[in-house]
Each structure stands twice: as C-alpha cells, then as structure tokens.
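Data block below; observations after.
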Amino acid sequence: MKKILDFITMEIEQAFEQAGYAKEYAKVTLSDRPDLCEYQCNGALAAAKVYRKAPIMIAKDVVGQLLQSKYISEIEAVNPGFINIKLEMDFIADYLKNMSEDVSLGLEQAEHPRTIIMDYGGPNVAKPLHVGHLRSAIIGESLKRIARKMGHKVISDIHLGDWGLQLGLIIVEVKKRNPELVYFDDAYTGDYPKEAPFTITELEEIYPTASAYAKEHIEYKEAAMQVTYDLQQGHKGYQAMLAHILNVSVSDLKKNYERLHVTFDLWKGESDAQPYIPEMIAYLKEGGYAHLDQGALVIDVQEDTDTKEIPPCMILKSDGASLYGTTDLATLVEREKLYHPDEIIYVVDKRQELHFTQFFRSARKAKIVREETKLRFLGFGTMNGKDGKPFKTRDGGVMRLENLIKETNEMVYSRIIENREVSETEARRTAEMIGLAAIKYGDLSNQASKDYVFDVERFTSFEGNTGAYILYTLVRIKSILHKYIEKGKSTKEAKIGRAHTESQRILMLEMVKYNEVILEAYEEIAPHKICAYVYDLANAFNRFYHETKILLEENEEKQSGYIGLLVLTQRILEACIDMLGFEAPERM
RNA sequence: GUUUCUGUAGCUCAGUAGGAUAGAGCGUCCGCCUCCUAAGCGGAAGGCCAGCGGUUCGAAUCCGCUCAGGAACGCCA
C-alpha cells in the first residue's frame, strides 16, 4: 500500500509542474504546526532562489492548481511561503479501511527481499550474561523483527565469544583442580565422557578465578596461552573440553535470552570460523593483501581521505595465534559461503568502532565479501546508572542480567498489588510482561548510538512515556472490545467511517502514519522512532477514549466506526510492540 | 597528544531536508472518577538549544574556533 505522504506528494508534484516549477520542490512533510494544518510543503521557500520570485507567489501559484482534489480538503498559501494542507476526511477513512483489510496493515513489503544477517548478542561462554549484553540483545532483536515485517529474510546469529585466551584459562584451571581427567592425558585415545565435569555455576566461578590468578602468576598465564594455542591447533582433549563448555554455557544462555524474548536462528561462535582460517591466511598472503609487520601479519587499511591514522588490521599475532580480526574475517568467509547475504548488520558496543572500520576495510580490500554486500556497524552507547557512570550493582560489581530482570519484575509486582486486586499468579505473570516492556521500551526509546541512563524507578513507573503506558492503552482497548463482544456484537462488522470529533480525527491521522514510520525505522535502523510513534498513537487514543463514550453510543453507525478504530488501533499497537520485542497482557 | 562522539527545561530524552510559536515524560502547581481500567485526561509555570563568530531572507540543525564531559587509539574482545 502506498504511504499517505505518497498520495499527497503526487498531487503537489503535479501542481508544481502545472504551475511551471520543478517537482523536486514538492516535498510534503508532517506539519509542525498542527494547529494550522496537518501536512505542509515548504518547497516554495526553497524554490524562491532559483526562480527569483517571492516564495509566497510560488506558493499561491501552486495552490491555485489544487482547488479540486481527492485527497486534500483545504490548501492554503501562507506567508512567507508555506503551503498548508488538510486532508479529505473520506480519504483518511478509506485509507484506514484499506489498512484494516491488509494483513500487514498496509505496510509496503520489500519488492526485492534482502538476505540480512544480524549479528547481535555476542555473549562469552563461561561468563554469565550481564547488563553489558542487554543492549545488543534488545536492539538487535528489534531490528530483526522490523526487517522481517518489511518482508526481508533475516538470519540472526548470536556469534558466541568461544575462542581465545579465556578458553585456555578455563581449561588450565580445570586441569589444576582435576589433573586426573582424561582430557589432559595425551596418551588417551578413547571416547571422552558425554557428561561435562562441571556445572554452569562452577563454570561461572572457574573463569574469574583463573583470570585473576593469571594476572598474578606469569607461568599460569603462559600455560593458558599454550593451551589456547594447542586448542587452536586441534588438541583432542581440549576440543572435547570446549564442547563441554559450550554445551553447559549455551543451554544456560538460551534460558536467559528466552526470558528476554530474544531468539537466534544461529548459535554459531568464533570457534566455527576456525576451519576457514588456514586457507584464508594463505589467500591473504598470496593475494598480497596481508604482510608481516613487527612479526605480526597485518592488512593495511589506511586510506588517503582519512583525517586520522587507522592502524592496520591484525590477522595473526607475532606468536602465530589468531585474534578477533581473524575470526571476524573468517566468519565473513563462512557467511558468504553459506548464506550469500546482501547485508550484514553488527550490533556492537560503539567502543569497537575502530575495530570494525579496520575489519570492514580489510574484508573489502581482500574481496572477502562481494562488492554489493553491505556491511553495517550499529554501535550502541553505554548503559549508565543514575549517577551517569556505567551501570553497577549497589556494591559496585557487575550486575547480572538475571538479577536486573528479577529486580525489575519485583518492582513492577509490588506496584501491581498496590493498585489492583489480583491473584498472586496473575500478578506475577503480568509483572513479567510489564517488566520486560519497561526494560525494552526504556532502552529502545533512546537513540541506540547514545549512552543512556537506566533508571528502574522511572522505567517501571506506571506514569508517562513508559512501556507500561503503552500496555495499559492496549489493555483498555481489549477490555472495551471484550465487553462489546459480550453484548453479542461482532467486531468484524465494524466499519471505519468519518470522524465525528476532533480527538477522533487526530487519532485517525496518527494511525495513518504507521506505514511511513516503520519504513523510516527500518531504513535508519532506528527502533526509537517506533517508540516515539507508539507513544503518540497511545496518546491520541487515550484522549479519544476519554472524550468518547464508546459502549454507550446509541447511533449504530457511529459506534461501528468507533469499534473499527479500536480494532485497528489495537492491531497497529500490537504490531509495533511486537517489533520492539514485547507483548501486552489481557488485563493489568 | 591525535581522532571521534556528546552538550536542548531542575532531571531523563525527542526534534524528521535549514523554515512558522523548539516538543514530550518525570518533578512542581491547578482542575477532572454517579460513565467503557484515574496505571488515565485537561491545563499552568519552566529554554540565550554550552559559548563566540560565519554562511543564509531564515540556524538547535550547515561551517570555523573555544569551553565542558565521554570514548577509541597493533599483538584483549
């Protein structure tokens, strides 16, 4: 379905041409003076220079062409040269009718669906999820859902951190504690046990212990580096150990991501890229893309237009071990081979930006990706505490994600039982839904690239621009529709008609924007635009709700129109929050 | 040091392509439940858009400088 703006722009373009001006000036935008008009065109102001004519004259010429229109009810040229537009009511009503008849609510489906790999999550195995992982998961999940709604094929990959020194450290520590295990017996040739020699709880303790110990004891660290190297060279016992670490860790991670309603199509990790590395290194050397520098293998990525020095991308350390640049490139080799993506989006902490420019340039230079493959880096900002410093627990430690969710839900729960009389189980279940909405909405309503303040008090408050407000609006709609159906009426027969009041018209104008808002959020990889929209829509609805007695309305046609609006508003809100990654309860 | 991001109401944030009177929420103050969930709605106060200069008919937005804060800067990821 065409966007509402397309219809109007089309007409205005025609008018510009008929009046003798270039149609490039016919850009129509939402009005920023809603008291004066609904849409506006500022093209006459821009055109004034070129045509050496007063902008108001141009505007008047254009308006003169548009006195008859299917879409526009009022159009006016205003000093110094604005063109103010109000829409035809029947046109709005028809547009909404068409939206409700479409499964995708009139959202234009991609003509040529792209295959997009979304790389987000990126947790380390053997380490519990903490708040640092929250943003990547929330933002990435939302982008995935938005792109899918637009009709694209999205493959999400968690890209586990399961390679590198951390593995060596874990293995060395396990060896220190249980040297008798078969994994450490080089003479052993049999099968390795299926059961892991540790639980997730133990694993979570092993890594920090080892890491701390390595800082104090150089020979321990060297042993870990050796083990890392051996692992990378295919040491059987260590490989088996890695499999255990992965198993234990992944099943725990799955549980936690599920709680966030975050899912991945692929649970690949850095280790999966390993098989591609030797061949890739050979290719990079032979092609002359990489060279030795101070003993390390690097790819130069400096470009003439750079204002700063970009250090080369390091492929192999001087001891021959691979590092993150290596695995990232090798992962790209695999992705090209298996999925042939049109686009890859990395949702990663913005502090890694330099690494990603190095890595992207290397990939391009060495032709590891096709020229038309788009590589995008969405760097997100830090999640800070109320003090403006990186989020910590009360005693200054790293906050585990589990605990953050638990605390949020707890807070929401206590607010629910303050306000409503509900059963314990319902209150708990509702608290989980609101809690998730609170966290996600709190995060996504900020621009991803900026740092933001995570304030549980504010996010879980039941007032103002919060996730709970959106859910509450939905619950109100559901409640009315429920009662309407209880009266024996069917919502399916409801027909959207002309607006009878100002608040109804405002609501309808808000609904009509859905299409363009989602497209914009997709193109700019900006979920916060959906948050802003969903808030405006909820606002417009609540105002309408307040002024309109829907169930008491006696005029059948009016009531039918109201119900039609409610049903469509519900569908739009639900589609939006689905793209944000949460859902609404039946009651709250 | 170099590079880069950020600076908008007391606080947390929006601000669409350079356009009309810079918008929300929280907090403060004032109204509104005999009526579909008041977790709501209406209203008021609150701004030199960090500062200075430039481009333009017109700047929060573009350019330059200054100030303040954050971040990155080859063998960690």
Side-chain angles (χ1 to χ4, degrees), chain A residues 27 29-33 35-36 40 42 45-46 48-49 54-55 78-82 84 122 124 161 163-166 270 293-298 306-319 321 323-325 327-328 348-355 358 379 381-382 384 386 388-390 415-416 418-420 434 442 445-447 449-453 455 457-459 461-466 468-469 471-473 475-484 503 516-517 520 524 528-529 531-532 535-536 539 542-553 566 587-588:
Chain A
K27 288 270 159 67
T29 56
L30 270 171
S31 163
D32 42 36
R33 287 292 303 274
D35 51 320
L36 300 177
Q40 61 179 339
N42 300 339
L45 292 158
K49 241 174 251 171
V78 178
N79 269 321
F82 298 105
N84 290 350
N124 283 317
W163 206 243
L165 185 62
Q166 50 159 341
E270 295 171 321
D293 187 17
Q294 297 167 38
L297 189 69
V298 301
D306 290 336
T307 52
K308 60 173 172 179
E309 196 182 327
I310 309 277
C313 183
M314 194 169 292
I315 306 299
L316 287 181
K317 297 198 280 189
S318 41
D319 67 359
L323 53 167
Y324 61 130
T327 45
D328 280 344
V348 185
D349 191 311
K350 71 176 173 193
R351 283 174 291 197
Q352 291 193 38
E353 186 168 8
L354 178 59
H355 163 66
Q358 294 173 309
T382 311
N384 289 329
K386 268 170 120 169
K389 296 197 189 108
R415 299 212 177 170
I416 291 175
E418 256 172 48
N419 287 310
R420 303 269 191 266
I434 302 178
S445 53
N446 296 286
Q447 279 183 47
S449 63
K450 286 197 186 174
D451 294 351
Y452 84 108
V453 175
D455 183 345
E457 291 280 337
R458 207 177 87 229
F459 294 170
S461 113
F462 284 166
E463 279 145 42
N465 189 358
T466 61
Y469 175 76
L471 299 190
Y472 180 65
T473 308
V475 164
R476 277 180 145 178
I477 296 175
K478 287 183 182 186
S479 168
I480 297 180
L481 293 179
H482 191 70
K483 292 202 161 100
Y484 185 74
S503 64
E516 55 213 43
V517 168
E520 207 178 307
E524 291 172 30
H528 80 277
K529 303 222 162 177
C531 288
Y535 179 68
D536 286 343
N539 236 322
N542 279 318
R543 191 177 155 196
F544 165 73
Y545 170 93
H546 187 254
E547 290 178 2
T548 318
K549 302 286 164 277
I550 296 160
L551 292 175
L552 296 177
E553 178 57 54
L566 256 62
R587 294 189 299 173
M588 61 187 272

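Below, chain A is the first sequence line, B the second, and so on; all start at residue 1.
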Please give the stem ranges for RNA chain B, sorted by first residue number, where a stem is three or more consecutive Watson-Crick or G-U pairs and both donor-acceptor distances are under 3.5 Å. B:1-7 with B:67-73, B:10-13 with B:23-26, B:28-32 with B:40-44, B:50-54 with B:62-66

Selected nucleotide, minimal atom distance to A:I434 side chain, candidates B:C13, B:G58, B:A39: B:A39

Does any donor-acceptor pair link the side chain of A:R420 with the base of B:U37 at a separation under 3.5 Å? yes

Among B:G58, B:A77, B:C36, the nucleotide that comes nearest once only the side chain of A:L323 is considered: B:A77

How far, in whole Å, is B:U55 from B:C13 if one measures between their P atoms? 35 Å

Distance, rounded to the nearest Å, where A:L316 contributes CG and B:C76 contributes C1': 16 Å

Between B:G74 and B:G47, how many Å separate the two C1' atoms, rounded to a whole number? 47 Å

Select base, sugar-phosphate, or nothing to describe what A:H355 touches, counting heavy atoms under 4.0 Å on all strands. nothing

For a quick check of understanding: with a heavy-atom distance under 4.0 Å over all strands, which category does A:L354 fall into, base, sugar-phosphate or nothing? sugar-phosphate

A:Y469 side chain near B:C41 phosphate (N/O to OP1/OP2, under 4.0 Å): yes

Value in whole Å for how far the P atom of B:G23 lies from CG of A:L30: 15 Å

Check whether any side-chain nitrogen or oxygen of A:Q358 sits under 4.0 Å from OP1 or OP2 of B:C73, and answer yes or no. no

In terms of side-chain heavy atoms of A:F82, which of B:G40, B:G19, B:C75 is nearest? B:G19

Which nucleotide in the list B:C36, B:G74, B:G58 gets nearest to the side chain of A:Q294? B:G74

Base, sugar-phosphate or nothing for A:D32? Non-hydrogen atoms, less than 4.0 Å. base

Okay, side chain of A:Q447, backbone of A:H528: is any donor-acceptor separation there less than 3.5 Å? no

Can you tell me which nucleotide in B:C75, B:G40, B:G15 comes closest to the side chain of A:A296? B:C75

Name the nucleic acid region contacted by A:Y545, choosing base, sugar-phosphate or nothing; use a 4.0 angstrom heavy-atom cut-off, strictly under. base

Taking the six-membered ring where the residue is Trp, are the ring centres of A:Y472 and A:F462 under 6.0 Å apart? no

Taking the P atom in each of B:C30 and B:G69, what is the distance between them to the nearest angstrom? 40 Å

Flag if over 12 foreign heavy atoms under 6.0 Å of CD, A:E309: no

Contact class for A:I310 vs. all strands (heavy atom < 4.0 Å): base, sugar-phosphate, or nothing? nothing

Any side-chain N or O of A:H546 less than 4.0 Å from the OP1 or OP2 oxygen of B:C33? no

Look at all strands and tell whether A:E353 reaches a base, only sugar-phosphate, or nothing, counting heavy atoms closer than 4.0 Å. nothing

Looking at B:G25, B:G27, B:U37, which one has an atom nearest to any side-chain atom of A:Y472? B:U37

Ignoring hydrogens and geometry, is there a side-chain-to-backbone donor-acceptor pair from A:E270 to A:G161 under 3.5 Å? no

Donor + acceptor pair across side chains of A:T473, A:N542 (<3.5 Å): yes

Against the side chain of A:R587, the closest entry in B:U16, B:U37, B:C41 is B:U37

Can you check whether A:K483 has a side-chain N or O nearer than 4.0 Å to OP1 or OP2 of B:U37? yes

When we call it a touch if two heavy atoms are under 4.0 Å apart, what does A:V453 touch: a base, just sugar-phosphate, or nothing? sugar-phosphate

Base, sugar-phosphate, or nothing: which does A:N79 touch, judged by heavy atoms less than 4.0 Å apart? nothing

Between B:C41 and A:N542, is there an OP1 or OP2 to side-chain N/O distance shorter than 4.0 Å? yes

Would you classify A:Q447 as touching base, sugar-phosphate or nothing, given that sugar-phosphate means primed atoms plus P, OP1 and OP2, and contacts are heavy atoms under 4.0 Å? sugar-phosphate

Tell me what A:D35 touches on the nucleic acid: a base, only sugar-phosphate, or nothing, going by heavy atoms under 4.0 Å. base

With sugar-phosphate meaning primed atoms plus P, OP1 and OP2, does A:E309 contact a base, only sugar-phosphate, or nothing at under 4.0 Å between heavy atoms? nothing

A:N384 side chain reached by A:Y452 side chain, heavy atoms, under 4.5 Å: no

By nearest atom, which of the nucleotides B:G19, B:C76, B:U37 is closest to the A:K317 side chain? B:C76

As a test of the definition: with a 90° window around 0 for syn, would you call B:C48 syn or anti? anti

B:G40 OP1/OP2 closer than 4.0 Å to side-chain N/O of A:R476: no

Would you say A:D451's side chain and A:T382's backbone share a donor-acceptor pair under 3.5 angstrom? yes

B:G7, OP1 or OP2 - any side-chain N/O from A:K450 closer than 4.0 Å? yes

Mind checking if A:D328 touches a base, just sugar-phosphate, or nothing, with heavy atoms under 4.0 Å? nothing

Please measure how far the P atom in B:C29 lies from the corresponding atom in B:C73, and state the result in whole Å. 48 Å

Using atom P in both nucleotides, what's the gap between B:U6 and B:G15 to the nearest angstrom? 12 Å

With the side chain of A:S479 defined as its heavy atoms from C-beta on, choose the nearest nucleotide among B:C36, B:G40, B:G19. B:C36

Say you pick atom C1' in B:G23 and the same atom in B:C67; how far apart are they, in whole Å? 27 Å

I want to verify a distance call: between B:C36, B:A39, B:U12, whose nearest atom is closest to the A:R458 side chain? B:U12

